[in-house]
Amino acid sequence: MEDKISKLEKRILAEEKNSQQILGLFIILSAILNIVEAGIKVILRVKLAGQFDVINRYQFYLAAGKILVVVVLFIVFLRSMKKLFFHSPYVRKLLYIWGIILIPFQIIFEISIEMYNRMLGIVWLVLNNTYNVQNDAMYSMFYDSTHGFKYLGMFLVVNIGIIATGIILEKRELIVVSGILMGVFILSFLAVSMRTINIDLLSMSVGINFTSLIFNSLMTLGLFILGIYIFRTYKIKSIEL
């Protein structure tokens, strides 16, 4: 009897860790998709420099394709977790939370980006129809001072997801890291101006907006590290998908 109980306990523990690794793997793959998307966006902006309408259209299609892949991944991993008889209910809830963050909230974010880009186009059109000789400087100032609003909502949602993960998995360090990230983002939003760097190899100058840099780092490297952290913390021999 004790041997059966021991085997059952080991099975429960193994399947609970299995479900936790499924969560980690979902976040890892989502981060990799974000990294691929960011890389393609860089290529588009270099190859199609100055063709803002074309770039925005391709970026919108790219984002839509990425979200579609995330939907497929979510369905696959959710079904995998449901197959586990002793999966952790709270980890399944976390998978739902991250699915909501990376799918419907991501869709809202992409739509808001499209609307923001349209607003920038209107501002540029208005400035070009004035007789102010500092049009470029005024546009850059407007862009820099408002760019943080573009990312603020999604940044907060992702950080809430990290905090929820830290609370449910009882990992205080995740909550601390999330607090630091939010502090740095707000500081860069309020106090740090955009900087321009020259890339001699490509014969071009690039404006670096720090709120954008922090946000994109969180959505790529940050989520990847979070997924790896969860995956390694609850490491088991194999995952049955």
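Since this is a predicted model, take the numbers as computed values, not measurements.
Annotation: Glu173, atom CD; neighbour count of heavy atoms from other residues, nucleotides and ligands within 6.0 Å is above 12.
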task: Take Leu218 and Val158, measure what side-chain contact (heavy atoms from CB on, under 4.5 Å) needs, and give me the verdict at the end.
output: CA-CA 9 Å; Leu218 172 64; Val158 172; 3.8 Å; yes
- request: For side-chain contact (heavy atoms from CB on, under 4.5 Å), just list the numbers for Leu78 and Arg92, CA-CA rounded to whole Å, side-chain angles, deciding distance to a tenth of an Å, and then say yes or no.
  value: CA-CA 8 Å; Leu78 181 61; Arg92 184 173 166 185; 4.3 Å; yes
task: Begin with the C-alpha distance, continue with both residues' side-chain angles, and end with the deciding distance and a verdict on side-chain contact (heavy atoms from CB on, under 4.5 Å) for Tyr229 and Leu174.
output: CA-CA 10 Å; Tyr229 174 80; Leu174 294 180; 4.1 Å; yes
message: Assess the residue pair Phe26 and Val76 against the criterion (side-chain contact (heavy atoms from CB on, under 4.5 Å)); give the C-alpha distance rounded to whole Å, side-chain angles, the decisive distance to 0.1 Å, and a yes or no.
response: CA-CA 9 Å; Phe26 173 67; Val76 169; over 6 Å; no
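The two residues Ile101 and Gly161 have their closest heavy-atom pair at CD1-CA, 3.6 Å. Scanning all heavy atoms of the two residues, the minimum distance from Thr165 to Trp98 falls at OG1-NE1, 2.9 Å. In plain terms, the two heavy atoms of Phe74 and Leu95 that are nearest each other are CE1-O, 3.4 Å. In plain terms, the two heavy atoms of Leu102 and Leu223 that are nearest each other are CD2-CD1, 4.2 Å. Of all heavy-atom pairs between Asn159 and Met182, the closest is CG-CG, 3.7 Å. Across all their heavy atoms, Ser30 and Val70 have their closest contact at OG-CG1, 4.3 Å.
Using a 4.5 Å cut-off on side-chain heavy atoms (C-beta onward), Phe155 and Thr211 make no contact. Side-chain contact between Phe60 and Ile113: absent, with no pair of heavy atoms (C-beta onward) separated by less than 4.5 Å.
Looking at Thr220, its side chain never comes within 3.5 Å of a backbone N or O of Ile35 through a donor-acceptor pair.
To the nearest 0.5 Å, atoms CG (Leu23) and CD1 (Ile230) are separated by 4.5 Å.
In the hydrophobic clustering of this structure, Phe105 groups with Leu226; members are Ile, Leu, Val, Met, Phe, Trp, Tyr whose side-chain heavy atoms approach within less than 4.5 Å, directly or through other members.
Aromatic ring pairs are classed by plane angle as parallel below 30°, tilted from 30° to 60° and perpendicular above 60°; the pair Phe109 and Phe215 is tilted.
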